[in-house]
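Quick note on labels: first sequence line is chain A, next is B, and so on, each numbered from 1. Just so you know, these numbers come straight off a predicted model, no measurement behind them.
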Amino acid sequence: MASRPRRSAFVSQEIEPKWQKVWAERGVMKASDSSPKPKYYDLVMYPYPSGDLTVGHARNYVMGDVLARMKRMQGFEVLHPFGWDAFGLPAENAAMKRGGGLHPAKWTRDNIAKATRELKMMGILYDWDREVTSSEPDYYRWTQWLFLLMYERGLAYRAMAPVNWCPVDKTVLANEQVINGRCWRHPDVEVEKRDLEQWFLKITDYADRLLDDLALLDKWPQKVRVMQTNWIGRSMGAEADFAVDGMPGDSIRIYTTRPDTLFGATFMVLAPEHPLVERVTSEKHRARVREYVEKARKETEIERLSTEREKTGVATGGFAINPVNGEKIPIWVADYVLVTYGTGAIMAVPAHDERDFEFAQRYDLPIRQVIAPPSGPQVRLREAYVGPGTMVNSGEFNGLDSAIAFERICDSLEAKGVGKRAVKYRLRDWLISRQRYWGAPIPVVYCPTDGIVPVPREDLPVLLPEEYRPLPEVESFWKTTCPKCGGPARRETDTMDTFIDSSWYFLRYASPHDNAEPFDSELANHWMPVDQYTGGVEHAILHLLYSRFFIKVLYDAGLLAVTEPFVRLFNQGMVKRFGQVMSKSAGNGVSIDELAGAQGADAGRIYEMFIGPPEEDVEWTDAGLNGVVKFLQRVWRLVLEAQSIAAEAGQAGATVDASGLRRKVAQTVGKVTEHFDELRFNTAVAFLMELANAMQDYLRSGGARDAEWDEHVRTLVKLLNPLAPHLGEEMWERLGEKGMLADASWPAFDAALAAEPKVVLVVQVAGKLRDRLEVDAGLPEAEAVRLALASDKVRAALDGRGPSKVVYVPDRLINLVP
RNA sequence: GUCGGCGUGGCGGAAUGGCAGACGCGCCAGCCUUAGGAGCUGGUGCCCGAAAGGGCGUGGAGGUUCAAAUCCUCUCGCCGACACCA
């Protein structure tokens, strides 16, 4: 920075802190609960406070800020809050690394202070009066309150179950936190299965609504809706009871999505853990079955679930009776059947199921076709036929279309009382217990007399002990008395999954200081739903599914009037540098201090918006950033030193037609507004660059700096403001404006001003471009044809042939087809 | 394996049926300057051509259409999600 520019230039280090201070003092982004203006709730996912921010983290906060600033100028009462998802393991790990010397609370608060300062340095405005921190008692008190609500509504229960255990974090995990059998936080660590008694939330009660209401979320990325649909995994089918041969009273219930293939069942398969395995096994087979079951139990989840390996199983020697035709079929045990899904037992129809087919081939089991494809019945199947067709080998149902037979066979099962239609889900209940210190304690007490007793609401919060130590080791924490009988009792020492904290934080922003309830229903109903929600796609299932669930429960409890929390969802891409996601630990981060100290926050903000489509990952380069700096310096001179630019061209005083620029300004207002609204920031920046170029050209060609010019300059500054707010305010002030630019009104789009009187009409002959004609807008077709035929180039291309067909798109193109 | 997304100049990317390459980076030439990592002017998809002009061109092959980067079919490549859910 030693060299001195010849022309005057702004110095970001001087103007940025100046305006940040003014915004803070005036509380520019404070949201009023009682404003007559229409509300706009603009939210970014609250982050885990892991330390210093990089410009990479800042990208989605800038997106939120650009939208918030424009919406304010457009006359909305904008709620743009911020907070911290502050409970979680990194704080504990940091504490452990230093031998417990650094308390997680201290570590968390220090990190929050650093990140807050950096957000402010980026010029990002929030209503900091509404800041929430999930690890503070005045927040987690209400997280506990909501747990009690779940408990009262029968949605929180304690059960013994085989659960996922992360050996590194030493805690259990929810299904959603297990990815390919590995911990979501440690991609190289396999989770273990443990049988433990844990707390669950009954999200499966809401499976249908969570699935069906996805149809309402038309402003969510399709990708996320598909992922949630698959995760919930609803399937429609039937359950049927197969009697066990020689064991009256015993039957095996199976679930199938293909009741139309019931006549094709040639064997049954039980999961190794199925409770009837021992009973149906014959003495002759017992040793082998036990050995197989034992082996399956020892295998890891990853091995069990691999689709690569060959299917294995053993016959039990037992037989079942097919309820539709009385046929006796062998019962096998195989680990490709999961005890956790459906009924843990299946009827195997190898002719019409790929997995059963593979298994039947390997163990030489019979394959019977019961559905003939439209191409006609095949003599020998080479692979399972899973499509629809005509029923064969199916008794009274022969000849029916398989879709009709599906219904008829269900009717028949129901009439005979041996089965019924059934719906199943992949979604499991949400395991929320965590064996960790740094989380919200689950507010229940175990009493020898009264069993599970919830902590009364007036006794909340159940505070974490001051000292950082595993809770089961802190006697003063768990040793308590029963709220019911007063006798000695033991407090629950597990804390809640941090995804509970984040399932309702956006409600707390509506009434962050309410000390009587988690949120004020009236205020929450005023601000909700969130109009724009921005965050990473990694929460496509986890946080976004859990939050939807919470909202539906609160709706049912009469505490909230909305059934979906987020109207429009946007997943931003990540910022990379040297090919890797930018992060402090990877050593490729650009810090906000570095940025602000060199090119400035405004340049960084615009660059992050201009660098590429907002949903794509982008590569940060210093050269690209410098291009934006040049643009801003050019705007600065354009706005404040128009004279020098005109003088430079040596034509000051000449007169040029101002109507072209007038149109350009009007068009830019329309396009920039639309593209900001649609979060297409990269193209919005491009339009502003075009406008600045056009204004510069106007001056250079001798355009007058009259009252209209002054208007154009103010329009440019306003349009630029959401992107470069510091520079905007500085220019606004120097233009002699009294109020704050942040409070100025957004330019209105004037379609009449933007309309082009003359258009370039493309002339094609047989679809090939032959000429361009400048014509009046709205030219009638006959006139367009006449003008086109008058062109030498067109006549040459037609080569004497008359056009037999004319396609005319007014103001765009005319295509003459010989 | 299944589902989804993406594939456009040297680079980031525009254009969602109607002029391919907006805007920017980079590069080339020139101007200005004591100096340039500043500013300004012009150029910049590829091929032929001195130019005028012409031809080709959005991973590949087909198709629909007066017209395709855009819609359809197949195919290749990259990325993501799910992965024995009966």
Side-chain angles (χ1 to χ4, degrees), chain A residues 3-7 9 179-181 221-227 229-231 233-235 237 254-258 261 269 271 304-309 311 334-338 340-349 352-356 358-359 424-428 537-538 540-541 606-607 610-613 615-628 630-631 633-634 637 645 648-649 680 682-693 696 700 760-769 771-772 793 803-809 811-818:
Chain A
S3 65
R4 161 183 284 265
R6 189 159 59 98
R7 261 175 267 269
I179 295 154
N180 290 328
Q222 192 209 337
K223 180 182 169 176
V224 174
R225 286 185 295 166
V226 168
M227 284 169 73
T229 301
N230 294 339
W231 186 261
R234 180 165 70 191
S235 72
I254 60 99
Y255 171 71
T256 179
T257 55
R258 294 296 302 275
T261 64
V269 185
R304 278 286 295 269
L305 291 176
S306 168
T307 49
E308 315 285 287
R309 67 176 191 163
K311 299 191 185 344
D335 66 3
Y336 79 92
V337 173
L338 308 175
T340 47
Y341 183 78
T343 59
I346 61 159
M347 64 166 187
V349 185
H352 304 291
D353 182 279
E354 285 163 19
R355 298 150 301 183
D356 298 343
E358 186 193 327
F359 194 79
K424 299 284 176 201
Y425 306 89
R426 270 189 34 151
L427 181 70
R428 304 291 150 74
V537 74
E538 65 274 16
I541 292 173
I606 298 196
Y607 178 53
F610 184 58
I611 188 169
E615 69 279 10
E616 299 286 331
D617 290 353
V618 293
E619 176 77 18
W620 177 280
T621 65
D622 294 343
L625 179 59
N626 288 335
V628 172
K630 282 201 283 189
F631 164 65
Q633 296 288 7
R634 222 161 50 229
R637 291 198 304 273
I645 292 178
E648 184 178 79
R680 295 163 71 187
N682 55 327
T683 43
V685 174
F687 298 140
L688 287 167
M689 288 174 166
E690 278 188 56
L691 177 60
N693 291 345
Q696 202 168 23
R700 291 230 168 83
V760 173
L761 190 69
V762 169
V763 186
Q764 294 181 338
V765 174
K768 278 195 174 282
L769 175 72
D771 203 0
R772 294 187 174 91
K793 292 173 189 168
S804 65
K805 179 171 181 178
V806 174
V807 181
Y808 182 52
V809 183
D811 298 348
R812 301 211 72 136
L813 129 165
I814 182 163
N815 189 4
L816 306 174
V817 186

Out of [options], which nucleotide sits closest to the side chain of [X]?
X: A:R634; options: B:rG18, B:rA22, B:rC40; result: B:rC40
X: A:P613; options: B:rC25, B:rG5, B:rG13; result: B:rG13
X: A:D335; options: B:rG18, B:rA86, B:rC84; result: B:rC84
X: A:N815; options: B:rC40, B:rA86, B:rA67; result: B:rA67
X: A:M689; options: B:rC3, B:rG39, B:rC23; result: B:rC23
X: A:K805; options: B:rC66, B:rA86, B:rA15; result: B:rC66

Ignoring backbone atoms, establish whether [X] has a side-chain N or O less than 4.0 Å from OP1 or OP2 of [N].
X: A:N693; N: B:rA22; result: no
X: A:R426; N: B:rC82; result: no
X: A:R680; N: B:rA15; result: yes
X: A:K630; N: B:rC25; result: yes
X: A:N682; N: B:rG12; result: no
X: A:S235; N: B:rA86; result: yes

Whole-angstrom distance between B:rC46 and B:rG10, as gauged at atom P: 7 Å

